[in-house]
Number of protein chains: 4
Amino acid sequence: MSTAKKTAKPAAVTPPPPARRRALLATAAEVFAAHGYDATTVRRIADEAGLLAGSLYYHFDSKESMLDEILSTFLGELWAGYDAVLAAGLGPRETIEALVTESFREIDRHRPAVAIYQKESQQLAGRPRFGYLADSQQKFEKAWLGTLERGVADGVFRPDLDVRLTYRFVRDTVWVAASWYRPGGHHGPEEIARQYLSMVLDGIAVRD
Amino acid sequence: MSTAKKTAKPAAVTPPPPARRRALLATAAEVFAAHGYDATTVRRIADEAGLLAGSLYYHFDSKESMLDEILSTFLGELWAGYDAVLAAGLGPRETIEALVTESFREIDRHRPAVAIYQKESQQLAGRPRFGYLADSQQKFEKAWLGTLERGVADGVFRPDLDVRLTYRFVRDTVWVAASWYRPGGHHGPEEIARQYLSMVLDGIAVRD
Amino acid sequence: MSTAKKTAKPAAVTPPPPARRRALLATAAEVFAAHGYDATTVRRIADEAGLLAGSLYYHFDSKESMLDEILSTFLGELWAGYDAVLAAGLGPRETIEALVTESFREIDRHRPAVAIYQKESQQLAGRPRFGYLADSQQKFEKAWLGTLERGVADGVFRPDLDVRLTYRFVRDTVWVAASWYRPGGHHGPEEIARQYLSMVLDGIAVRD
Amino acid sequence: MSTAKKTAKPAAVTPPPPARRRALLATAAEVFAAHGYDATTVRRIADEAGLLAGSLYYHFDSKESMLDEILSTFLGELWAGYDAVLAAGLGPRETIEALVTESFREIDRHRPAVAIYQKESQQLAGRPRFGYLADSQQKFEKAWLGTLERGVADGVFRPDLDVRLTYRFVRDTVWVAASWYRPGGHHGPEEIARQYLSMVLDGIAVRD
DNA sequence: AATGAATGAGGTTTCATTCAT
DNA sequence: CATGAATGAAACCTCATTCAT
């Protein structure tokens with residue numbers, strides 16, 4: 001029956017429009033990540049996606065709006081994960097472990113977006129349209145710095161720690177991983193997180 | 001006679017005063033670092049330097065040649081320092097300490113160049129003109145990876161270390177510091193190096 | 001049966017309901033008049049009409065053909081009115097009065113078309129498709145100029161009149177009214193015509 | 001002597017930069033007036049001026065800024081003339097005569113600008129950048145309407161005049177002349193003004 | 001050394017139009 | 001009849017680069 005086809009996949013009816021959009025954004029993200037936002041031409045994205053440059057403008061307002069959608073989508077999912085961790089009431093060490101693990105998971109799922117974020121966010125945060133990048137960065141700092149400080153106060157982390165400096169080192173190292181991480185490689189995100197945490201928490205030197 | 005000056009140092013006739021060149025390159029590096037190479041217009045550099053865009057071409061062949069000169073100068077000095085460290089015959093731990101300290105010193109002296117290197121090198125390494133970037137990266141990897149491996153073999157570093165992964169983390173953390181480091185701030189390069197080494201070598205967690 | 005309807009009026013099958021066409025043209029005319037032909041996008045018209053840009057092409061061949069239909073329809077009705085006046089055998093003054101009155105009536109009924117005509121006709125008259133605009137302008141000139149000349153010859157209009165100049169002034173003032181006239185406002189078209197004729201025929205100065 | 005050349009034309013030293021600018025603006029104005037602002041391509045202007053489209057951007061920020069400069073320059077000169085007339089303390093009839101004459105003089109000197117103003121000002125007045133167009137229009141209305149009202153009050157103009165309507169007719173007729181006026185033709189601006197004033201003030205009909 | 005002006009290639013974006021569904 | 005997606009031409013604009021002065 002003709003109705004059978006329509007009722008067969010009712011769940012798929014809900015998100016019908018984003019289908020193409022999402023594919024195009026994925027392509028765009030890949031190219032942005034590989035060549036940098038400025039150096040990426042709209043034509044390059046279109047080529048990669050198999051249509052003409054002008055046709056992209058049926059789906060998106062501008063090159064910038066593609067970037068915007070890529071970054072805001074990523075940050076949305078990132079904060080969903082982070083907020084869950086922060087709401088779990090874990091101790092400082094466990095919170096750091098969970099945040100690091102969550103971060104590498106995000107890199108695994110949104111590698112191009114993370115790479116773009118890493119390279120361009122400082123540049124973009126100034127523009128009004130990307131104000132949410134600055135907001136996110138502030139929340140980010142609050143979450144990490146707060147946890148580190150709590151750890152020092154609780155006697156879990158070394159008392160001589162310069163937390164601000166430590167925060168910067170940890171933050172950068174985690175995200176910069178997006179520049180070399182390849183999904184499906186030797187290590188999954190959890191394995192990488194474990195190695196990284198082992199280094200940061202316990203050091204690479206052999207203990208006396 | 002006017003010829004006296006010229007014949008006195010015949011070799012110096014071609015590149016008259018490197019003073020201006022250096023100043024212009026410093027300006028260019030600052031702008032490249034702040035906005036990214038692609039996003040930087042020649043006019044912007046010229047504005048910042050107080051002349052017109054076209055006038056820059058009296059001093060340099062092209063925008064790319066400015067970038068080239070900035071990066072190769074930086075890498076030249078970097079390797080002078082690194083080679084000295086590597087030739088000193090230190091133990092693995094001391095070598096790592098010396099390399100990290102040397103790196104932060106370079107960041108202190110060449111912050112814009114390092115920032116540019118960090119952001120653009122992956123992109124540039126492919127082009128023939130910037131082949132030395134890839135070479136440098138290889139030497140770099142060899143130095144660091146070798147030292148880490150030697151440390152593990154010597155029982156100085158933990159035996160369960162994934163040296164490749166560790167190398168990446170360490171490398172990135174060091175260089176990424178160029179994006180937030182401000183010369184003349186709270187900590188000098190040596191202090192930052194010490195903090196960083198303390199974290200990487202001994203971990204941030206309190207020992208039992 | 002469904003076929004009954006179709007076979008009932010075979011002649012009407014091709015151009016089914018001019019109702020929709022007319023409504024779409026009215027919308028198009030409004031937008032053309034408000035923003036100018038070139039500055040009007042097909043999408044804007046479609047938006048205003050409540051369908052998608054592509055869908056307009058089911059009804060019309062092109063944007064230009066909409067313009068064409070709007071203008072030719074208008075001119076058709078205009079000349080029906082003018083020809084009736086000119087065939088009535090009135091005296092020069094009465095002819096002028098009737099033409100002016102008829103013109104303001106047309107503005108009342110076809111304001112957008114008149115506004116378009118006013119703004120674009122000089123531009124369009126050159127293109128072959130719109131040759132009828134030039135023809136119309138010639139007929140127009142002949143009718144007005146002829147009447148003015150007749151009036152001077154008959155001693156009804158002042159003998160020192162530069163008829164060509166007068167023609168231009170009168171012609172422009174009448175049609176330019178389309179840019180500010182709003183149907184349903186204070187004055188109806190006949191009232192405006194009366195005021196205008198009073199000014200042009202007798203002047204605004206008080207007679208001695 | 002070399003100094004002779006420099007001191008020969010000291011007066012020309014003052015306005016050295018606008019030389020090329022003004023010529024380019026004149027060309028642009030001509031093209032805008034002939035084809036309409038929207039329908040005019042930057043390339044067309046460049047072709048007409050004998051350089052490449054991109055080169056225009058050395059002199060102007062944008063197509064819009066050319067339009068802006070054309071219109072604001074014109075309005076500046078127009079109001080210099082109008083203000084002088086209004087400040088002269090003439091009677092209503094003489095003021096109208098002087099304003100009309102001044103207007104035709106402006107058309108004579110700025111024909112393209114007037115034509116552009118006539119065609120595009122209503123469209124542009126809404127945009128913030130061209131707010132001065134709306135301001136000008138208000139001043140304009142105040143000047144003309146006020147004079148007409150004063151004339152009626154003084155018994156110089158007919159008491160049954162609808163001044164608002166009269167204002168519109170007079171205003172349009174004057175400016176619309178820019179669409180057909182050709183400098184250097186049969187009539188100079190003063191002659192046209194005289195003819196026009198004769199029509200408007202005394203009417204075209206023969207007095208009884 | 002530097003300026004003013006221009007070039008020419010290429011970038012982003014717009015838009016009338018087409019067409020399978 | 002209408003939609004959604006795409007095309008392709010052309011528009012505005014940017015920018016590295018050149019060159020006569």
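Bear in mind that the values here come from a model prediction, so they are computed numbers and not experimental data. Order of the sequence lines fixes the chain letters, A, B, ..., with proteins taken first and strands second; residue numbering starts at 1 for each chain.
Across the interface with DNA chain F, nearest-nucleotide mapping of B:D38 and C:G50 shows C:G50 to be the residue nearer the 5′ end. A residue-by-residue look at A:V42 and C:R43 shows that A:V42 has its nearest nucleotide of DNA chain E further toward the 5' end. Of the residues near DNA chain E, A:Y37 and B:A53, the one whose nearest nucleotide (by heavy atom distance) lies more toward the 5' end is B:A53.
With F:dT17, E:dT17, F:dT3 as the choices, the nucleotide that has an atom nearest any side-chain atom of C:S62 turns out to be E:dT17.
In this structure, the CG atom of A:L56 is 18 Å from the P atom of F:dG4, given to the nearest Å. Per the geometry, CD1 belonging to A:I45 stands 18 Å off P belonging to E:dG10, to the nearest Å. With rounding to whole Å, A:M66 atom CE is found 9 Å from E:dT12 atom P. Taking atom CG of residue C:D47 and atom P of nucleotide F:dG4, one finds them 13 Å apart after rounding to whole Å. The separation between A:K63 atom NZ and F:dC12 atom P is 21 Å, rounded to whole Å. Rounded to an integer number of Å, the gap from CG of D:D61 to C1' of F:dT14 is 12 Å. Taking atom CD of residue C:E64 and atom C1' of nucleotide E:dC15, one finds them 15 Å apart after rounding to whole Å. Regarding D:L52, its CG atom lies at a distance of 14 Å from the C1' atom of F:dC15, rounded to whole Å.
As the counterpart of E:dT7, F:dA16 is assigned, both hydrogen-bonding distances of the Watson-Crick or G-U wobble pattern falling under 3.5 Å. Across the strands present, F:dT21 finds its partner in E:dA2; the criterion is a Watson-Crick or G-U wobble pair with both atom distances under 3.5 angstrom.
Considering only side-chain N and O atoms, C:T41 lies nowhere under 4.0 angstrom from the phosphate OP1 or OP2 of E:dC15. OP1 or OP2 of E:dA2 has at least one side-chain nitrogen or oxygen of B:R20 nearer than 4.0 Å. Distances shown here put every side-chain N or O of C:S55 at or beyond 4.0 Å from the OP1 or OP2 atom of F:dC1. Between A:H59 and the phosphate of F:dG4, there is no side-chain N or O to OP1/OP2 separation shorter than 4.0 Å. Proximity of B:Y57 to the phosphate of F:dT17: a side-chain N or O atom is located under 4.0 Å from OP1 or OP2. Neither OP1 nor OP2 of F:dC1 sits under 4.0 Å from any side-chain N or O of C:Y58.
B:K63 places a side-chain N or O within donor-acceptor distance of the main-chain N or O of B:Y37, the cut-off being under 3.5 Å. The backbone N or O of B:I70 sits nowhere less than 3.5 Å from a side-chain atom of B:T73 that would complete a donor-acceptor pair. Between the side chain of A:Q123 and the backbone N or O of B:A34 there is at least one donor-acceptor pair closer than 3.5 Å.
The distance from the NE2 atom of A:H35 to the CD atom of A:E30 is 10.0 Å, given to the nearest 0.5 Å. Within the model, atoms CD of C:E69 and NE2 of C:H59 stand 12.0 Å from one another, a figure rounded to the nearest 0.5 Å. For the atom pair CZ of C:R129 and OG of C:S72, the computed distance is 9.0 Å after rounding to the nearest 0.5 Å.
Across all strands, D:L51 comes closer than 4.0 Å only to sugar-phosphate atoms, never to a base (heavy-atom distances). When heavy atoms are screened at a 4.0 angstrom cut-off, A:S65 is found touching no nucleic acid atom at all.
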